[in-house]
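Quick notes on the structure that follows.
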Amino acid sequence: MYSAAISADSSDRFSGYMANIFTAEDDELITAAGLYTTDNNAEYEISVYTQLKDEDNPVSGVKSTTTYGSERYAGYHTIELDEAVPVRKGEKFAVVARLTNPEYFCPIPAEASVILCENRFPSNVSDISKSKIEQCTSAGESFISYNGTKWTDTKGMVIENAYENILFPNTNIKYYIGNVCLKAFSSKPDTVFFDPPNENVKLGTEVKLSTYSDGIIRYTTDGSIPDKDSPVYSSPVKIEKDTVITAALFSDSVSSEPVSVCYKQDSSVLTSLTVNNSPVTVFSDGQSVNKLKAYVTDTKDYACISPVSTGKISINSMEIVSGHSTEKTELKPGDNIFRIVCSEEGKKSTEYELNIFKSYACVDYHSETILFDEEYASVTAGDGHSFRNGDSVSGYLGETLTVVHEGNTYSLNVAGRPDLNALLERLSIQYGAESLSQIFNVSGDMYFSFSPDMSDPHSINERMTTVLSENYFKIYPDYDKDLYFQTAASDTAPQSNIFHISIPERRNVKDDDVKITLDDENSVSVTIENAVSKGAVYKMEIKNSASNQYSTYIPLTTNFKNDTVTIENLIPGKTYSLYIQYRSSVDAFCSYVKEFTVDIPGENEICTFNYEKECIIFDDSVYQGVSEDGREIKCYDVITEFIGTDITLTDSKGEKITVHIPERPAAPETEADLLNGRLTGTFDSNISFLRKRYSNNYYYTASSARNLSDSNGIIWFEKMYASSITGGDTLLFFYNATDEAFASEKCLVIVPKAEVISRKAIQVLNYTDSSVSLRAGDGLEYGIRGEFYQSFSWQDNPVFTGLKSDTTYIVAVRFRSTPEKASSTYTCQLVTTLKNEYIPGDMNDDEKITLNDIVILKRFMLSDLKTDAQQKRAADCNGDGTVNIIDYLRLCRSIL
């Protein structure tokens, strides 16, 4: 399985070549190739090169007939070659494939360790490590190429790509490449192939014979070895009975090694069988078992039989649908015989004898008694105890009893009592979730009780809770002290022993554990001096306030001793209740809630506001608050909908005080500037925004506008798209609340949708050691950046100049913005400028001039080869700016 799809070169990312060099293990024929395609309707060209002259060049040998085709769906394919290619034992040969994708980049499948770097934080997103790739890849095995002549060994290859996602523009992917995924399949030259190859077939099956070598196939159907007088194969052989076909390839009266397949009429058989939902063995050592045995030793006096087969099934001459159960069939004590027949067209019918033995005595595990007919049978234990019908077997659980019926002796195994201690040996208390694990992992019905004798049982389902997608048993430390568990009896086993567990008590918060310091008339500091590892939670309210509900807390960070938290916005002159509770830990429940009384000094203000939380603060034990529309208002109530209105506070004497809730400030002014790709205005740290996805109906948590703006306080559309904001989203900008004012009104901006540009819009026409030229297009603008964390520099000219040599750049295109439409998304690719130094005529960049370079230059001049910029430069051997016959002759003279 490939772990990465790659491109051989950035100039054409839809097409590429791959090759593997193999060593023949014997004289054989290469008959097929196995490869993956990474796009639907991908096209392939497959060739085999033998007699390789250069083991670092997979096309340096004799080329076979090319096999062309396409695959409708992406995935793995085994492709038969149009022409089998002979190879000699020990010979090195290459399988070369060109793959072309119609829609998606990266046609070449390869083993690779894929490292995703988001904002320079690396993460392996493949199933194979970089070190594993290095260990399993050898030089001279796998190659990739842009044009089929200039090959790169994948050993040690690293490919780096820009990650084309407008949400993560500063992201890149590194591929540490191993071998390409390309296999070769071979056969002996004179082998005769049988289709189908399996021996058990339906009558009427036609067997086809084939071979890859020249000659004629002769065959026999009587088990004899074919000779020159045997029939010549010309059409499929039809199997009408059990037949042995022996075939050999004849050439000049010399035969190959004969191959025989004994075709037998297949049988219609059961694939599975259950009796009362218990499986019955129908196969043994791969063979069908015709005499089947099932046992019913419980109190059931019936059987439901469920057979499965590919053909028709009948039980006692009654047809049964495969996979379905019969109606309840009455059983008598002893043997109960059923005839099962499986039949299927073209196959032999198979008859089974199913013997369901109903025990003459059985155990009722619910009452733990034995049941049998004393007139015809007797039951004794190993210690000689003789049972009467209905006697208790509690003292004989787990033992084997002897049943005698009409002179015949049978054994009756009595199930032992389930050991709940062993079944729950891994049970643990989950202190954070206040629950028990493992309880629901035990099969059968289970009950719990508060009494050692299980006198008040309750189903454990009454306490079922879910923790991390698993079912746990909920416990209540204030209520549960000792819990007892027991599984109920079933038809096949008695009830279990009783399992007991003690539930620890909660801890207490001590007076000396908490240090409270008055900072001023509006705040206090709280230090948990004996804080446990998980810290504590707290809540602070006016004492005796009607709104006291200390069951809800605000987290207090006290993971270490002496951590301190400050509580602000308190009313001077009031008495508060501070409720503190230790959080749970790995070995203790959360503590009981402890109340501390705190007196705040200073004069009592009648009414104040918390502008950040938009709530009102007054003593609701003294005053009753009412809004203009008559609704009651309590201390700490959120008053968002009452901002800008009056409320009335009435004391116990009926005296009323009117309090005005201040208005909101005006919203910041901004709108979308499509032409310049930004929002108008500037944004500082006092401005925040809410975001709502165009596909959702709710707003996300407010964020600072500085997260979107640059150092000058400007918000560009490009940065918005990179911050998970998409076209169509709604943004609400507002001034943050201060100590003296509520948050402002909100200014609504709908993010313009960016047109999605096609990946095919970008095409590198040429690149040198100092420039890159892109294909021009109507309405396009062109960007470039040198590092992944930099921003694109956009221009109208598709040619970038003044670049560094042998340096990788990211180039991009997008549709230019207008007053009516924002700029589009961009598509990009990597380009590495050429080196300053090169060897004229070195067409395959191997830093030497050989005959291979002459062949490549000739193909280039005949327009038979697609070259890259580096090869075009190397082809100009005399440096006159054109490639012609003079360059070819000059290259030939330099070698010859």
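Predicted, not measured: the structure shown is a model, and the values here were computed from it. In this chain, numbering begins with 1 at the start of the sequence shown.
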Using side-chain heavy atoms (C-beta onward) and a distance below 4.5 Å, is [X] in contact with [Y]?
X: C607; Y: I616; result: yes
X: V526; Y: Y538; result: no
X: Y826; Y: W794; result: yes
X: F815; Y: L780; result: yes
X: T100; Y: P107; result: no
X: T827; Y: T825; result: no
X: V811; Y: F800; result: yes
X: T149; Y: Q871; result: yes

Can you sort out the partners of [X] under ring-ring contact (aromatic ring centres under 6.0 Å, His included), two or more places apart, ordered by chain and number?
X: F683; answer: F733
X: Y176; answer: none
X: Y104; answer: none
X: W716; answer: none

Which atoms form the tightest heavy-atom contact between [X] and [Y], and what is the distance?
X: L834; Y: S805; result: O-CB, 3.4 Å
X: Y782; Y: A776; result: OH-CA, 3.2 Å
X: A741; Y: Y611; result: O-CB, 3.3 Å
X: Y17; Y: N147; result: CE1-C, 3.3 Å
X: R664; Y: I643; result: NH2-CD1, 3.3 Å
X: R706; Y: D684; result: CD-C, 3.5 Å

Would you give the length of the straight line joining atom [atom1] of [X] to atom [atom2] of [Y], rounded to the nearest 0.5 angstrom?
X: C615; Y: D637; atom1: SG; atom2: CG; result: 8.5 Å
X: L182; Y: L35; atom1: CG; atom2: CG; result: 6.0 Å
X: D729; Y: Y721; atom1: CG; atom2: OH; result: 10.0 Å
X: Y146; Y: I144; atom1: OH; atom2: CD1; result: 13.5 Å
X: I108; Y: C181; atom1: CD1; atom2: SG; result: 11.0 Å

Looking at [X] and [Y], would you say the former's side chain and the latter's main chain have a donor-acceptor pair under 3.5 Å?
X: S70; Y: N41; value: no
X: T670; Y: T680; value: yes
X: T818; Y: K821; value: yes
X: S817; Y: L675; value: yes

Determine whether I687 and Y735 satisfy the following criterion, side chain to side chain contact (heavy atoms under 4.5 Å, CB included), listing intermediate values before the conclusion. CA-CA 5 Å; I687 299 178; Y735 289 112; 3.8 Å; yes

The criterion is side-chain hydrogen bond (donor to acceptor under 3.5 Å, both in side chains); which residues satisfy it with T640, sequence neighbours excluded? E614

Tell me, which pairs form a salt bridge (Lys or Arg N to Asp or Glu O under 4.0 Å) where one or both residues lie in residues 796-814, sequence neighbours left out? E718-R814, E781-R814, D796-R816

Is there a side chain to side chain contact (heavy atoms under 4.5 Å, CB included) between I810 and F792? Walk through the geometry before answering. CA-CA 9 Å; I810 306 169; F792 280 110; 3.8 Å; yes

Row check, Y636 ring normal vs K613 NZ/CZ: under 6.0 Å, within 45°: no

Using the side chain to side chain contact (heavy atoms under 4.5 Å, CB included) rule, take F642 and I633 through it: C-alpha gap first, then chi angles, then the decisive distance, then the call. CA-CA 10 Å; F642 303 119; I633 296 177; 4.0 Å; yes

Side chain to side chain contact (heavy atoms under 4.5 Å, CB included) assessment of I617 paired with C635: CA-CA 5 Å; I617 303 173; C635 181; 4.2 Å; yes

Look at D153 together with K155 and state whether they make a salt bridge at an N to O cut-off of under 4.0 Å. no

More than 12 non-hydrogen atoms from neighbouring residues, nucleotides or ligands closer than 6.0 Å to CD on E628, yes or no? yes

Over 12 non-hydrogen atoms of neighbours within 6.0 angstrom of CD in E612: no

Between the side chains of S771 and T801, does any donor sit under 3.5 Å from an acceptor? no

Centroid separation under 6.0 Å, is that true for the rings of F14 and F105? yes

